[in-house]
Amino acid sequence: METEIAVDHDYYVLPQTGARASNLADKNEALRRHIRELQQQLEVVKLRQRFGIDRLSASDEDVRFYTRFASYRSFKAFWSLIEPAVINKMKLRPIDEFLMYLSVGFPLRDLAERFSIHRTTAIRIISTWTHFLYCLLGSQRLWIPPEIVRAHLPTEFAAFSDTQVILDCTEIFCQTPSSLLLQSEVFSTYKSHTTFKAMIGMGPHGAVTFVSGLYAGSMSDREIVKLLKPGMAIMVDKGFVVDNLAPCKVYRPAFLSNKRQMSREDVRQTQSIAHLRVHVERCIRRVKENKLFDKDIPLSICGNIDELFSVACFLVNYQNGPLVKAWATQQ
């Protein structure tokens, strides 16, 4: 006699069950993708909240705005040059400290808020980096020997082949001191404001090759030119009447003096000099792109302003491309 065995479980999978399992698997995969997307969005939000160079790296325009370097690639190339000399003792990453220094000119409270640090820490970082870059970049040779200048002389300077440097003075506004004596010393009659004055020299190839210290705005250009050394030919503006001060050859636009009309040769030379001199003004404009010089220099940082200005001039040679692209192709 056959005995029937009762079946405890039915392992047969119905079509509805298989479809339900497949549907759950699809939902599970969709949820996983959604989680990954949320994680990526969270990283983006964190990056936006944490101000630093990583946040700016996707936009060369942002890098240019905050650092004045032409691109993120240029910024990183310069950072690779100075990074070995950097010693980090602060809260921020060294590269973000450098970004903070380059952003100097923004309100101090704004910088402290952006980098999530106290204002006194921000001041200490800026002061430290100012002195560090002044010593590091200032130790590099800025002045170029005459033979190297001649070897890379642009064709536009063929008529002035012995030109070593093109000079011009610039002024930056500062707050008015309470002392009447100090007011009279820093007051510039040319700007009708209290200023600091400096002389900047540009080599014929377009790089900054000379930076004087900052002087009181009342000092004349003639007195600053006394700092020049003999044995060089310089190109200056008409206002630099320094022939009896600078023991060197001076290229300067001609004066009309008592003549009724300039000679043809004087007109041509004046046009040629003016055409070449305009580039030193463009070079100075690059220096003044530093947001620190957008407003009056506070008296509270006058102790560091000489170093701040010098570093701004030094950095121009690294932050920007060629002043004249045609000159770069001739090198």
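FYI, side chains are in, hydrogens and waters are out, and symmetry mates aren't considered; it's all heavy atoms of this structure.
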Parallel, tilted or perpendicular: which describes the rings of Phe98 and Tyr101, with under 30° parallel and over 60° perpendicular?
parallel

Between the side chain of Thr130 and the main-chain N/O of Leu308, is any donor-acceptor distance below 3.5 Å?
no

Could you give me the CA-CA distance, side-chain angles and deciding distance for Asp54 and Arg93, then say whether side chain to side chain contact (heavy atoms under 4.5 Å, CB included) is met?
CA-CA 11 Å; Asp54 294 336; Arg93 295 186 306 164; 3.1 Å; yes

Side-chain contact test, heavy atoms from C-beta onward, threshold under 4.5 Å: evaluate it for Gln164 versus Trp143 and give yes or no.
yes

Does Leu56 offer a backbone N or O that forms a donor-acceptor pair with the side chain of Ser59 under 3.5 Å?
no

Heavy-atom donor-acceptor pair, Gln183 side chain to Pro177 backbone, under 3.5 Å:
yes

Has Gln319 got a side-chain atom pairing as donor or acceptor with Thr67's backbone, closer than 3.5 angstrom?
yes

Using the salt bridge (Lys or Arg N to Asp or Glu O under 4.0 Å) rule, take Asp294 and Lys291 through it: C-alpha gap first, then chi angles, then the decisive distance, then the call.
CA-CA 5 Å; Asp294 287 346; Lys291 294 177 178 57; over 6 Å; no

Between Tyr66 and Arg114, does a side chain to side chain contact (heavy atoms under 4.5 Å, CB included) hold up when you go through it step by step?
CA-CA 12 Å; Tyr66 285 102; Arg114 286 177 185 272; 3.3 Å; yes

Are Lys288 and Thr170 linked by a side-chain donor-acceptor pair shorter than 3.5 Å?
yes

How long is the straight-line distance from CG of Leu214 back to NZ of Lys197, given to the nearest 0.5 Å?
11.5 Å

Glu185 and Ala216: which non-hydrogen atoms are nearest, and at how many Å?
O-CB, 3.1 Å

Quick check on the hydrophobic clustering: are Val86 and Ile126 connected, directly or via other members, by side-chain heavy-atom contacts under 4.5 Å?
yes

Is there side-chain contact between Leu292 and Ile297, with at least one heavy-atom pair below 4.5 Å?
yes

Identify whether Leu299 and Ile172 are in the same connected component of the hydrophobic contact network (ILVMFWY, side-chain heavy atoms under 4.5 Å).
no

Do you know which two heavy atoms are closest between Ala312 and Phe293, and how far apart they sit?
CB-CE1, 4.0 Å

Heavy-atom side-chain proximity of Ile273 to Phe160 below 4.5 angstrom:
yes

Are the side chains of Met235 and Leu276 in touch, meaning some heavy atoms are under 4.5 Å apart?
yes

For the residue pair Ala198 and Gly213, what are the closest heavy atoms and their distance?
CB-O, 3.7 Å

Does the side chain of Thr121 come within less than 4.5 Å of Arg124's, by heavy atoms?
yes

Look up atom CZ in Arg141 and atom OG1 in Thr209, then write down how far apart they are to the nearest 0.5 Å.
11.5 Å

Are Ile117 and Leu108 co-members of a hydrophobic cluster defined by side-chain heavy atoms under 4.5 Å apart?
yes

With heavy-atom distances below 4.5 Å as the criterion, would you say the side chains of Trp129 and Met100 are in contact?
no

Would a hydrophobic clustering, with Ile, Leu, Val, Met, Phe, Trp and Tyr connected at side-chain separations under 4.5 Å, put Leu142 with Tyr134?
yes

Taking atom types as modelled, is there a side-chain donor on His193 or Thr195 under 3.5 Å from an acceptor on the other?
no

Do Phe65 and Ile95 share a hydrophobic cluster, counting only Ile, Leu, Val, Met, Phe, Trp and Tyr and linking them when any side-chain heavy atoms are less than 4.5 Å apart?
yes

Strictly distance-based, threshold 3.5 Å: is any side-chain N or O of Asp296 a donor or acceptor partner for the main-chain N or O of Phe173?
no

Can you give me the closest heavy-atom contact between Leu153 and Pro204, atom names plus distance?
CD1-CB, 3.6 Å

Could you tell me the separation between the CG atom of Asn304 and the OG atom of Ser127, rounded to the nearest 0.5 Å?
5.0 Å

Distance in Å, Ile301 CD1 paired with Asp306 CG, rounded so as to fall on 0.5 Å steps
12.0 Å

To the nearest 0.5 Å, what is the distance between OG on Ser74 and CG on Asp60?
8.0 Å

Sub-3.5 Å donor-acceptor pair from the side chain of Ser310 to the main-chain atoms of Glu307, do we have one?
no

Keeping the roles fixed (side chain from Arg68, backbone from Leu102), state whether a donor-acceptor pair exists under 3.5 Å.
yes

With a 6.0 Å cut-off (strictly less than), is the heavy-atom count around CZ of Arg119, excluding the residue itself, greater than 12?
no

Salt-bridge test for Glu113 and Arg109: reply yes if a basic N is under 4.0 Å from a carboxylate O, no otherwise.
no

Identify the residue among Ile82, Val311, Leu81 that makes a side chain to side chain contact (heavy atoms under 4.5 Å, CB included) with Leu136.
Ile82

Relative to each other, are the rings of Phe75 and Tyr72 parallel, tilted or perpendicular (30° and 60° limits)?
parallel

Determine whether a donor-acceptor pair (N or O, by modelled atom type, separation under 3.5 Å) exists between the side chain of Asp96 and the backbone of Ile53.
yes

Minimal heavy-atom distance between Asn320 and Val316, with the atoms involved, is ND2-O, 3.3 Å

Could you check whether atom OH of Tyr190 has more than 12 heavy atoms from other residues, nucleotides or ligands sitting under 6.0 Å from it?
no

Over-ring placement of Lys76 relative to Phe69, 6.0 Å and 45° cut-offs:
no

As an exercise, state the distance from CZ of Arg33 to CG of Asn28, rounded to the nearest 0.5 Å.
10.5 Å

Of all heavy-atom pairs linking Leu99 and Gly52, the shortest is CD2-C, 3.6 Å

Beyond-backbone contact of Arg64 with Glu61, side-chain heavy atoms, under 4.5 angstrom:
no

